[in-house]
Participant: 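One structure, pasted below without further comment.
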Number of protein chains: 2
Amino acid sequence: MPAPVRQRRARGSITPEAVINGAFELAKTETLDGLSMPRLARHLDVGVTSIYWYFKSKDELLDTLTAEAFRRFYGQMPPLTGRRWDDVLREFFRGFRRILRGDDVLCDLCIMRTMRHTEETITLTTARIEEVVEILVEQGFSAETAHEAYSALSVYTRGCLFIERLIRVHGIPDPQSRARAVAAISAPAYPGVTRLTTMVEDENFEFGLENAIRGLRTLRTAEKRER
Amino acid sequence: MPAPVRQRRARGSITPEAVINGAFELAKTETLDGLSMPRLARHLDVGVTSIYWYFKSKDELLDTLTAEAFRRFYGQMPPLTGRRWDDVLREFFRGFRRILRGDDVLCDLCIMRTMRHTEETITLTTARIEEVVEILVEQGFSAETAHEAYSALSVYTRGCLFIERLIRVHGIPDPQSRARAVAAISAPAYPGVTRLTTMVEDENFEFGLENAIRGLRTLRTAEKRER
DNA sequence: ACCTGAACACCGTTCAAGT
DNA sequence: ACCTGAACACCGTTCAAGT
């Protein structure tokens, strides 16, 4: 009954930046999945269609948000200070995980959404990769191996973030049903199985990280001997 | 104008199994995201609401599909034949990746969707984990380490599948824009960077797998010496 | 007990205006 | 050039029937 009166906005009173900031705000109060065009419009006090003047689809808006997310993410990544290659790897991938685990919106945009990055994002990412690779090469790795090492640890770290994010969104089965399920096994040989082996915690992450570094140490020695 | 006549179905002509099979068929022709209740109903030639008699929400239907997907997945996992622990790990995780990379619907259900499994699925999974862990323990690993090793390789393999799936769904930026982006870096020290380091291919997967095994070998020797 | 269409509140997007 | 509401085709889910 009360007419949904809303003042017509002045020309130029909407900017792409305002839309992007509003989108981040809204995603933060809910979740990235909760971000819809009508809700965003309401949040910005703008007609729904007005957003389409600046972003020709929701996907294009999300791409822009992703680019901004990467900028914010890399802005938070501290510069490398370690001297030895293994300390550098630890520092880098621990930081990587810490930052994205602490910000669900950034995690959803940088890790969960897509692999189609903008040119700017690729530049940012590649520069960071190079930094790490360079240190590895300086300290005796071949360029080839250094890249593979980075790639493997990157996949591992993103795998952790991905699984941890799924758990935060959907939860895990309650411990009781889990215990019953494990009890149903014919030969539960090792009590440790009852622990959530499919879940990632700090110690799990650390084990994989240290183990990879151990493998790389052996490889480095072998590569050095070859020359 | 032509009245949308559809015969009323007989009582008992719809079964949960038929719904599930229809859902798998439909997801296969499109994608899991393309599976909607109206489309599924049309595919089954059933009223939309009828599905809700057997599954009280789409989420419950998806949970049932996930349980079935895990059954199919484990049905395809070959029994372990390797003798040495490292061969067993290779065999297991290569098979894991191969099967889920070859079936997008299974991958979406088992890897991408959720971590909230049914009791049956947990039993299936835990039994498989135990099989691997037991072999590691027989050959000199502590139960603790064996679990951590499994967990790390599982996270790594699922990370690969996750990233590969994202690429299949959304694609990656075209090589040209990528090359331009890399060229924009101030000091592109290593030409290898131009290669898609964020992408996962067979050789990338193998490197991480072998490297983890290398790390475990060192750890095993150390653990043996301690005793 | 089982099957059904109409209806509701949502979504992304387009159209045809208004200023 | 920029902002807008109405409208469209979709979605998941509920309701109030029908048999």
Side-chain angles (χ1 to χ4, degrees), chain A residues 1-23 26-27 29-66 108-109 113-114 116 169-170, chain B residues 1-23 26-27 29-66 108-109 113-114 116 169-170:
Chain A
M1 193 68 72
V5 273
R6 230 210 36 247
Q7 301 280 354
R8 189 187 178 89
R9 310 218 17 167
R11 273 240 275 296
S13 66
I14 304 174
T15 64
E17 289 75 28
V19 176
I20 289 166
N21 289 332
L26 191 53
T29 68
E30 311 264 331
T31 181
L32 188 65
D33 286 337
L35 182 73
S36 79
M37 300 304 260
R39 285 156 74 87
L40 179 55
R42 234 173 294 141
H43 180 71
L44 295 167
D45 193 33
V46 152
V48 207
T49 21
S50 304
I51 303 173
Y52 284 87
W53 179 259
Y54 296 96
F55 303 93
K56 66 172 174 294
S57 70
K58 186 183 181 187
D59 222 51
E60 188 177 300
L61 173 62
L62 285 174
D63 283 345
T64 313
L65 293 178
T66 303
D108 283 343
L109 287 168
R113 202 180 84 79
T114 181
R116 275 184 59 251
V169 174
H170 296 110
Chain B
M1 191 66 73
V5 274
R6 228 210 35 249
Q7 300 280 356
R8 189 186 179 89
R9 309 222 13 169
R11 272 240 274 293
S13 66
I14 304 175
T15 65
E17 290 75 26
V19 175
I20 290 166
N21 288 333
L26 192 54
T29 67
E30 311 263 331
T31 182
L32 188 65
D33 286 337
L35 182 74
S36 80
M37 300 303 260
R39 285 155 74 87
L40 178 55
R42 236 173 294 142
H43 180 71
L44 295 167
D45 194 33
V46 152
V48 206
T49 23
S50 304
I51 302 173
Y52 284 88
W53 180 260
Y54 296 95
F55 304 93
K56 65 173 176 295
S57 69
K58 186 184 181 185
D59 222 51
E60 189 178 297
L61 173 61
L62 285 174
D63 283 345
T64 313
L65 293 178
T66 303
D108 283 342
L109 287 167
R113 202 181 84 80
T114 180
R116 276 183 59 251
V169 175
H170 296 109

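Residue numbers begin at 1 in each chain, while the letters A, B, ... track the order of the sequences. Just the heavy atoms: all of them, side chains too, but no hydrogens, waters or symmetry mates, feed the values below. Keep in mind that what you see is a predicted model, and the values were worked out from it rather than measured.
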Participant: Could you state the CG-P distance from A/Leu40 to D/dT4, rounded to the nearest angstrom?
Facilitator: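 The distance from CG of A/Leu40 to P of D/dT4 comes to 13 Å, rounded to the nearest Å.
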Participant: Please state how far atom CD1 in A/Ile51 lies from atom P in C/dC11, giving the value in whole angstrom units.
Facilitator: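 Rounding to the nearest Å, CD1 of A/Ile51 and P of C/dC11 are 12 Å apart.
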Participant: Separation of A/Arg8 atom CZ from C/dA17 atom C1', in whole Å?
Facilitator: 9 Å
Participant: State, with a plain yes or no, whether a side-chain heavy atom of A/Leu61 is found less than 4.5 Å away from one of A/Lys56.
Facilitator: no
Participant: For side-chain contact (heavy atoms from CB on, under 4.5 Å), just list the numbers for B/Asp63 and B/Arg116, CA-CA rounded to whole Å, side-chain angles, deciding distance to a tenth of an Å, and then say yes or no.
Facilitator: CA-CA 8 Å; B/Asp63 283 345; B/Arg116 276 183 59 251; 4.2 Å; yes
Participant: State which of C/dT13, C/dC3, D/dT13 makes the closest approach to the side chain of B/Val48.
Facilitator: D/dT13
Participant: Which base, if any, makes a Watson-Crick or G-U wobble pair with D/dT19, both distances under 3.5 Å?
Facilitator: C/dA1
Participant: Would you mind reading off the distance between A/Gln7 atom CD and D/dG5 atom C1', rounded to a whole angstrom?
Facilitator: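 So the CD-C1' distance, A/Gln7 to D/dG5, works out to 16 Å.
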Participant: Under 4.0 angstrom, heavy atoms only, what part of the nucleic acid is A/Ser50 near: base, sugar-phosphate, or nothing?
Facilitator: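 A/Ser50: base contact, heavy atoms under 4.0 Å.
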Participant: Given that A/Asp59 and B/Val46 both sit by DNA chain C, which one's nearest nucleotide is further toward the 5' end?
Facilitator: B/Val46
Participant: Counting only side-chain heavy atoms from C-beta out, which of C/dG12, C/dC3, D/dC3 sits nearest to A/Trp53?
Facilitator: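 So the side chain of A/Trp53 is nearest to D/dC3.
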Participant: Is A/Arg11 side chain donor-acceptor paired with the D/dC3 base, going by distance under 3.5 Å alone?
Facilitator: no
Participant: Would you mind classifying the nucleic acid contact of A/Tyr54 as base, sugar-phosphate or nothing, using non-hydrogen atoms under 4.0 angstrom?
Facilitator: sugar-phosphate
Participant: Do A/Arg113 and A/Thr66 meet the criterion of a side-chain donor-acceptor pair at a distance under 3.5 Å?
Facilitator: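 Yes, side-chain donor-acceptor contact under 3.5 Å.
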Participant: Over how many whole Å does the gap from B/Tyr52 atom OH to D/dA16 atom P extend?
Facilitator: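 One finds 17 Å between P of D/dA16 and OH of B/Tyr52, rounded.
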Participant: In whole angstrom, give the distance that lies between atom CG of A/Asp33 and atom C1' of C/dG12.
Facilitator: 15 Å
Participant: Rounding to a whole Å, what distance do you find between A/Lys58:NZ and C/dC10:P?
Facilitator: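 One finds 15 Å between P of C/dC10 and NZ of A/Lys58, rounded.
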Participant: Taking any heavy-atom pair under 4.0 Å as a contact, classify B/Arg9: base, sugar-phosphate, or nothing.
Facilitator: sugar-phosphate
Participant: Calculate the interatomic distance between B/Lys56 atom NZ and C/dC3 atom C1'; express it in whole Å.
Facilitator: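 Interatomic distance, NZ of B/Lys56 to C1' of C/dC3: 19 Å.
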Participant: Which nucleotide, if any, forms a Watson-Crick or G-U wobble pair with D/dA7, using both distances under 3.5 Å?
Facilitator: C/dT13
Participant: Out of B/Leu44, B/Leu35, B/Leu32, which residue meets the side-chain contact (heavy atoms from CB on, under 4.5 Å) rule with B/Leu26?
Facilitator: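 Looking at B/Leu44, B/Leu35, B/Leu32, the match for B/Leu26 under the side-chain contact (heavy atoms from CB on, under 4.5 Å) is B/Leu35.
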Participant: Regarding B/Thr49, tell me which of base, sugar-phosphate or nothing describes its non-hydrogen contacts under 4.0 Å with the strands shown.
Facilitator: base
Participant: Is A/Phe55 close to A/Ile20 at the side-chain level, that is, under 4.5 Å between some pair of heavy atoms?
Facilitator: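 A side-chain contact exists here, since the closest heavy-atom pair is under 4.5 Å.
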